[in-house]
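Within every chain, numbering begins at 1; the chains are lettered A, B, ... in the order of the sequence lines, protein sequences first and strands thereafter.
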2 protein chains.
Amino acid sequence: MSGKRRETRRRAITAHDVAAMAGGSQSAVSRSFTPGASVAPTTRARVMDAAAALGYRPNLIARSLITRRSGMIGVAMGNLHNQIYPVMLDRLARDLAAQGYSILLFPAPLDGEADPEMAQIMRYQPDAVVLAATSVSSALAVECRAAGLPVILLNRTSLGPGIAQVSSVTGANMAGGHEIGVLVAEAGFHRPAFLAGLDHASTSLEREAGFRAGLAERGLSVHLRANGNFNERDTRAAMFRLLSHRDPPDMVFAASDQMAMVAMDVARTEFGLRVPQDLSLIGFDDAPAAAWPTYNLTTYAQPVADMVAATIGLLMDEIADPTSPPRQIVLRGHLILRGSSRLSSTHDGCEAL
Amino acid sequence: MSGKRRETRRRAITAHDVAAMAGGSQSAVSRSFTPGASVAPTTRARVMDAAAALGYRPNLIARSLITRRSGMIGVAMGNLHNQIYPVMLDRLARDLAAQGYSILLFPAPLDGEADPEMAQIMRYQPDAVVLAATSVSSALAVECRAAGLPVILLNRTSLGPGIAQVSSVTGANMAGGHEIGVLVAEAGFHRPAFLAGLDHASTSLEREAGFRAGLAERGLSVHLRANGNFNERDTRAAMFRLLSHRDPPDMVFAASDQMAMVAMDVARTEFGLRVPQDLSLIGFDDAPAAAWPTYNLTTYAQPVADMVAATIGLLMDEIADPTSPPRQIVLRGHLILRGSSRLSSTHDGCEAL
DNA sequence: CTGAAAGCGCTTACAG
DNA sequence: CTGAAAGCGCTTACAG
């Protein structure tokens, strides 16, 4: 009768089955599962009993076709090897689950264009999209938003045209870099170096800009600069160049903890330097390993929990009203002074920025 | 006319719109997007032109309702703080994407029961489920499989009843532990300790069993044992207990690299021990940080790429034919001798196991 | 409070 | 090769 393919995947239990068992209509079953719908309590009870007996749960795919709400949030994430991202993803997934949303994960390339794959994700009709990867173009983000699909950039901002047209949540990259720059200058360093990430990444650019501004305020400037590009290989090479320089740096500020840790390994192992006696190192993020005694890394801690909370807040607002104006949220973190740097904590921060 | 709610989310472009523009039926549009469907090349060309002009892409939610294939794979993952899991997830996501599948991510609790949340995921009708967390019960896995939903356990096996009813992919935990046990005994250690993970986790149990067997073959046994439970706090406490013992271990084999690294930090920082002169440390996984010079950790490398490939292979087989018998795949890795342990590499492996 | 009916956007026999 | 029609499993006006 039902000329099924040879698969034995048994036909799923539907609302009709429950209706038959409970002695009601399919509509009644649907209403019983809809909070606030008008059903007699006795009817709902009968339906729920039947549903429990049959193991019925409404099919969310079918529901989303009619409600135009999938309950899924597309998340694009590139560099899962940088500890801070799994930490964010974990938090995001748990907090979204608490609100009844699920994550459709989209692995973005580390470099290059991710837009085609991104378009594929949209075919699943996510209720919103979180972009925590640099490889999805700002242009696409702007386009999504124009089409009424909420987009939140997490730990990045949009550069270029349309910059203010899409929402973002970031740590205080500029302020953090600035605070570090000021402290470094005040601590008496003379040859500060910046270990940059990818040059098109807002995180790296903003941290560098803040760092340079902070140094400049105290009459210092970046002595050396090299690109680690947020990956291990380039970071190692960059550190080799910096430390092989005829006039090597006395401190290195890395655009991420992940790079700072690789930098420390190179300094210690390949150049026999003591940290912080011979070289001070500072990172950014407060990745879990930064606190491990072996690294004991001075770093500007990003407020991950707050960032995720803000992301979800924006998400919910924009889902509720797609016309709500985009917002750029910048959340202050705090500097954590650890043993990898000779720095005093006397500085009182820089509220001015 | 179309009494939309106040949201301005503009009506999506559908196959009807494309049909109207291309001058054909909605069926023709659908066929044009279905590889191998019978459409005249000229018709398909007209449709594709119109689709491109309108920016149309078939709605996968609607498609999956009728095809009963969602193209989504549910992935339950618990401990994203253990580096090996993000690495696996990244690989899994990229390899699945290459086959046209997307990941619906489900953050499993680190301990306790994840079954209710798991049931929620199933409402999205995933084509299969990958469980890489210990908190989803084997009972649920068996149940899914009975219902025709393919389930693959990744980096864990099913314990208890129904053990052979669900597919799994693991590294050679037993063989790896065994190889380490034999080498440790041959290297002349006298007081080996085992730093265990969660006692209900198959990974920890199998690695321990192998280790004990290897030691026993050479007339040695585990001198001390403590539970780190795969988290930092318990691991630190466990190491304090082991190293404070009146007769402390001369080597520690940890059930994961993540624990081994915490153990190394405690040994060095809190007890002033030199590694490996005063204490040898061995881990399991070959997490990225294990190779970093600071840790330079001897470890049994899990073949992550192979494990992911095998998982996808099983997935595809079981999706194609849900009646195909479950398989348990165990993939050999290899021991990587690094500086954290005094071990010789003369041992020739243990093919017998 | 309830059921019959329309419809979400597709795929797929079915009959030309 | 093509179009009209049924139907995937739901939600939601609509009329009782």
Do Glu318(B) and Ser167(B) pair up side chain to side chain, a donor and an acceptor below 3.5 Å, judged on atom types alone?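 Present: a donor and an acceptor within the cut-off.
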Shortest non-hydrogen contact from [X] toward [Y]:
X         : Y         : answer
Ala28(A)  : Val39(A)  : O-CG1, 4.3 Å
Ala133(A) : Arg156(A) : O-NH1, 2.8 Å
Ile13(A)  : Leu54(A)  : CD1-O, 2.9 Å

Using whole Å, report how far [atom1] of [X] lies from [atom2] of [N].
X        : N       : atom1 : atom2 : answer
Arg57(A) : dC10(D) : CZ    : C1'   : 15 Å
Arg31(A) : dT11(D) : CZ    : P     : 11 Å
Ile61(A) : dG7(C)  : CD1   : C1'   : 18 Å
Ile66(A) : dC8(C)  : CD1   : C1'   : 4 Å
His16(B) : dT11(C) : NE2   : C1'   : 12 Å
Asn59(A) : dC8(C)  : CG    : P     : 18 Å
Arg68(A) : dA13(D) : CZ    : C1'   : 15 Å
Ile13(A) : dC8(D)  : CD1   : P     : 16 Å

Taking dT12(D) as the reference, what is the distance to dG16(D) when you measure between their C1' atoms (whole Å, please)?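 It works out to 16 Å between them.
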Between dA5(D) and dC1(D), how far apart are the two P atoms, rounded to whole Å? 23 Å
List the residues meeting side chain to side chain donor-acceptor pair (under 3.5 Å) with Asp90(A), not counting sequence neighbours, and say none if there are none.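 Only Arg94(A) meet the side chain to side chain donor-acceptor pair (under 3.5 Å) criterion with Asp90(A).
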Heavy-atom distance under 4.5 Å between the side chains of [X] and [Y], does that happen here?
X         : Y         : answer
Ile319(B) : Ile73(B)  : yes
Met316(A) : Ile312(A) : yes
Asp17(B)  : Tyr56(B)  : no
Met88(B)  : Thr311(B) : no

Side chain of [X] (C-beta onward), nearest among [options]:
X        : options                  : answer
Ala15(B) : dT12(D), dC10(C), dT2(D) : dC10(C)
Ser27(A) : dC10(D), dG3(C), dC8(C)  : dG3(C)
Leu65(A) : dT11(C), dT2(C), dC8(C)  : dC8(C)

Is any side-chain nitrogen or oxygen of [X] closer than 4.0 Å to OP1 or OP2 of [N]?
X        : N       : result
Arg69(A) : dT11(D) : no
Arg63(B) : dC8(D)  : no
Tyr56(A) : dC10(D) : yes

So which of residues 41-50 of chain B are in contact with DNA chain C, with a heavy-atom cut-off of under 4.0 Å? none
Heavy-atom donor-acceptor pair, Ser25(B) side-chain to dA4(D) base, under 3.5 Å: no
When only distance counts, do a donor and an acceptor, one from the side chain of Gln26(A) and one from the base of dT2(C), lie under 3.5 Å apart?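 Donor-acceptor pair under 3.5 Å: no.
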Is it true that atom CZ of Arg145(B) has more than 12 heavy atoms of other residues, nucleotides or ligands lying nearer than 6.0 Å? yes
What nucleic acid atoms does Phe33(A) come within less than 4.0 Å of, heavy atoms only: base, sugar-phosphate, or nothing?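 Nothing, no nucleic acid heavy atom in range.
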Taking Watson-Crick and G-U wobble pairs with both distances under 3.5 Å, convert DNA chain D into its dot-bracket string, 5' to 3', dots for unpaired and | for cross-strand pairs. |||.||||||||.|||
